[in-house]
Amino acid sequence: MSRKQLGILISGRGSNMEALLKAAQDTGCPYEPVLVMSNKPDAGGLDRARGFGVAAKAIDHRTFGKDREAFERAVDAELKLAGVELVALAGFMRVLTPWFVNEWAGRLVNIHPSLLPKYPGVDTHKRCLEAGDVAHGCTVHQVTAGVDEGPAIGQAEIDVRPGDTEETLAARLLKAEHLLYPRCLAAVARGDGVRVSDEVVVDGDTIRIFAPR
Ligand code: GRF
């Protein structure tokens, strides 16, 4: 089996990146991480990636001033040099220009901490709590020019618990993210959708995984 060569873009701690790298240690995994890149040189995820034996590079977006596309062209060149075929955004905190999105159209995915189309953008846990929602979740989706707007590939949902704070909800949802992202990415690498729904209990939380509604 030829494994799809994967590039991962991060900006921070990289726990979702780590979930992708762990899943790829299974020889049956249809993707192979070959390069992790960060726009922040001090991103903790860079060393975590190296610990997995994966090449990790930073390109500081600040050195390009306001020229977002110039930054992206530098990232794009590194991805192509590494033979990357599929790009996963994992806590990458830069909005991408239409140029980059178009260059990687259909081969660019993101994980967002809400049940899209609910709560695109920031502060998703806060907004979920303020709305009094009984459930919260995360979405893996194709990246298109509109922020958090691309077609969903898979979603995972957990219950909001009485007394949940932004922090407790975020921490519990992160476990669902770590479960969902490798599954969805594997589906994309194989060229199919997430067709099987599943329920997994992690640390007392039932995580419900399903294809987009
Ligand atoms: C995650 O909550 C992800 O959904 C969002 O940014 C956060 C990144 O966390 N896009 P990590 O760097 O993967 O730990």
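Just so you know, ligand 1 is whichever comes first in the structure, and atom 1 is the first atom listed for that ligand.
- Dense packing is recorded around NZ of Lys80, with more than 12 heavy atoms of other residues, nucleotides or ligands lying under 6.0 Å away.
- Between Lys175 and Asp205 there is no salt bridge, since no side-chain nitrogen of the basic residue lies less than 4.0 Å from a carboxylate oxygen of the acidic one.
- Below 3.5 Å of separation, one finds an N or O of Ile111 facing an N or O of ligand 1.
- In this structure, Ile10 falls outside the shell of residues with a heavy atom less than 4.0 angstrom from ligand 1.
- The shortest N or O to N or O distance between His112 and ligand 1 is not below 3.5 Å.
- Ranking protein heavy atoms by distance to atom 13 (O) of ligand 1, first place goes to Asn16 N, 2.8 Å.
- For atom 4 (O) of ligand 1, the closest heavy atom belonging to the protein is Glu177 OE1, 2.7 Å.
- Under the 4.0 Å criterion applied to side-chain N and carboxylate O atoms, Arg172 and Asp159 are not assigned as salt-bridge partners.
- Between the side chains of His125 and His136, at least one donor N or O sits under 3.5 Å from an acceptor N or O.
- Under a 4.0 Å heavy-atom criterion, Gly14 is in contact with ligand 1.
- Here the shortest heavy-atom distance to atom 8 (C) of ligand 1, taken over Ala19, Gly45, Gly91, Cys138, belongs to Gly91.
- The shortest contact between atom 9 (O) of ligand 1 and any protein heavy atom is with Arg13 NH2, 3.3 Å.
- Between Arg73 and Asp76, no side-chain nitrogen of the basic residue sits less than 4.0 Å from a carboxylate oxygen of the acidic one, so the salt-bridge criterion is not met.
- Each of Val140, Asn16, Ile10, Asn110 was evaluated against Leu89; a single residue qualifies, Asn110, per the side-chain contact (heavy atoms from CB on, under 4.5 Å) test.
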